[in-house]
Enquirer: 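Got a structure for you, written out below as structure tokens; questions coming shortly.
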Amino acid sequence: MPSAQLIDGKAVATDLRAAVAARVGGMYARLGLRPGLAVVLVGEDPASQVYVRNKHKQTEACGMQSFEHRLPADTAQADLLALVARLNADDAVDGILVQLPLPRQIDAQKVIEAIDPAKDVDGFHPINAGRLATGQPALVPCTPLGCLMLLDRTLGAEMAGRHAVVIGRSNIVGKPMAQLLLGRDCTVTIAHSRTRDLAETVHGADIVIAAVGRPEMVRGFWIKPGATVIDVGINRLPPAAAGGKDRLVGDVNFEEAKAVAGHITPVPGGVGPMTIACLLSNTLQAACARRG
Ligand code: GUN
């Protein structure tokens with residue numbers, strides 16, 4: 001049985017973090033400044049707490065300043081907007097990330113739109129989304145940016161003219177991913193929960209990006225032989241056997257797909273590690289743009 005080559009996101013992320021750290025060191029030597037990233041966490045969602053802790057550690061490890069703001073779950077929207085305004089005005093802060101999801105009483109879109117687009121390291125502000133869609137320099141959402149870097153390393157110029165199918169239409173992954181693939185001259189289809197004949201659509205793809213949040217939904221027989229498969233999903237399943245540990249699986253049935261695909265990202269160790277590395281890279285980009 002042929003087996004796909006694994007795309008080692010962990011190794012690419014380590015390289016990217018090292019490159020960011022080197023440029024942060026250069027900036028400090030030249031200007032005596034360290035880029036600063038502010039992360040805001042509202043409430044106590046356990047998964048979000050893990051992400052925020054990892055962001056904090058990796059931000060400091062690459063020589064940047066990390067500012068953490070933890071607010072209670074019952075925070076009023078006005079108080080969160082006031083904090084965002086303070087961070088916008090704070091010269092030590094180059095990047096602002098408000099961890100999603102937010103509690104029910106807060107309108108996430110209002111908060112996103114309150115962030116200074118120049119500090120919007122998530123790339124979620126409509127100004128940055130619009131810049132990406134019109135081919136102008138932008139801060140680009142971290143997860144699709146990480147996927148693009150993996151594709152650049154795997155396929156490079158071979159991406160041009162290829163059929164890419166993005167499964168998922170979120171503002172965080174699916175839509176920006178489609179824009180980035182268009183920017184590499186792919187022919188792009190965005191599929192989603194209402195798509196008819198999803199298996200057939202995916203079977204036409206040279207590049208598959210799975211970002212649906214449904215464990216192992218993409219089956220091996222959907223994949224065109226030799227295709228490149230990027231799995232954005234991180235789904236926690238209960239242990240397969242009593243006494244075992246939780247299992248992390250992607251949106252793709254990995255065992256099936258790796259027998260058919262040409263290249264595939266594992267879960268964990270594929271797209272996941274790229275996301276925070278791209279956040280650090282975006283923070284450096286924002287700092288360079290603000291400070292020259
Ligand atoms: N929650 C899950 N992913 C993300 C992300 O990329 N950015 C923010 N702000 N929150 C998230």
Side-chain angles (χ1 to χ4, degrees), residues 9 13 16-17 36-59 66-71 73 75 77 80-81 83-84 87-88 93-104 106-129 132 138-150 166 168-177 179-180 209-214 230-236 248 250-251 267-268 270-283 285-286:
L16 177 58
R17 285 199 309 269
L37 172 64
V39 173
V40 181
L41 174 60
V42 185
E44 271 147 37
D45 177 58
S48 292
Q49 285 182 326
V50 174
Y51 290 137
V52 168
R53 205 174 319 126
N54 284 337
K55 283 170 192 162
H56 177 72
K57 274 200 264 183
Q58 295 191 27
T59 304
S66 170
F67 309 104
E68 242 183 72
H69 296 266
R70 291 174 180 260
L71 303 178
T75 296
Q77 175 167 302
L80 179 55
L81 291 173
L83 172 59
V84 168
L87 297 172
N88 283 341
V93 172
D94 295 289
I96 302 170
L97 180 148
V98 178
Q99 184 69 31
L100 302 178
L102 286 166
R104 252 193 313 257
I106 296 175
D107 178 345
Q109 195 58 32
K110 272 227 165 69
V111 176
I112 288 167
E113 292 181 21
I115 296 172
D116 178 350
K119 297 188 177 188
D120 169 37
V121 286
D122 260 328
F124 294 165
H125 193 290
I127 291 270
N128 280 312
L132 173 62
L139 285 162
V140 174
C142 302
T143 299
L145 183 59
C147 294
L148 184 73
M149 287 184 186
L150 295 179
V166 180
R169 55 177 154 179
S170 71
N171 292 335
I172 296 180
V173 183
K175 285 183 208 158
M177 188 74 244
Q179 299 293 353
L180 291 169
I209 313 278
V212 268
R214 291 180 56 183
I230 306 288
D231 190 350
V232 178
I234 301 178
N235 308 288
R236 200 171 284 279
L248 278 187
D251 293 346
V267 176
V271 174
M274 291 299 294
T275 298
I276 296 183
C278 286
L279 173 67
L280 303 176
S281 171
N282 278 355
T283 304
Q285 181 186 325

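Both counts, for ligands and for their atoms, begin at 1 and track the order of listing.
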Enquirer: Between CD of Gln179 and CG of Leu148, what distance do you get to the nearest 0.5 Å?
Expert: 12.5 Å
Enquirer: Could you tell me which residues satisfy side-chain hydrogen bond (donor to acceptor under 3.5 Å, both in side chains) with Asn235, sequence neighbours excluded, listed by chain and number?
Expert: Asp251
Enquirer: Table please: side-chain donor-acceptor pairs of residues 43-50 below 3.5 Å, with sequence neighbours left out.
Expert:
from, atom 1, to, atom 2, distance (Å)
Asp45, OD2, Ser48, N, 3.1
Asp45, OD2, Ser48, OG, 2.8

Enquirer: Who's touching ligand 1 if we go heavy atoms under 4.0 Å?
Expert: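 Protein residues near ligand 1 are Leu97, Val98, Gln99, Leu100, Asp122, Phe124.
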Enquirer: Go through the steps to decide whether Val111 and Val40 satisfy the test side chain to side chain contact (heavy atoms under 4.5 Å, CB included), and finish with yes or no.
Expert: CA-CA 11 Å; Val111 176; Val40 181; over 6 Å; no
Enquirer: Given 3.5 Å as the limit, does a donor-acceptor pair link the side chain of Asn88 with the main chain of Ala114, or not?
Expert: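 Looks like yes, one N/O pair under 3.5 Å.
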Enquirer: Partners of Thr59 by side-chain hydrogen bond (donor to acceptor under 3.5 Å, both in side chains), sequence neighbours excluded?
Expert: none
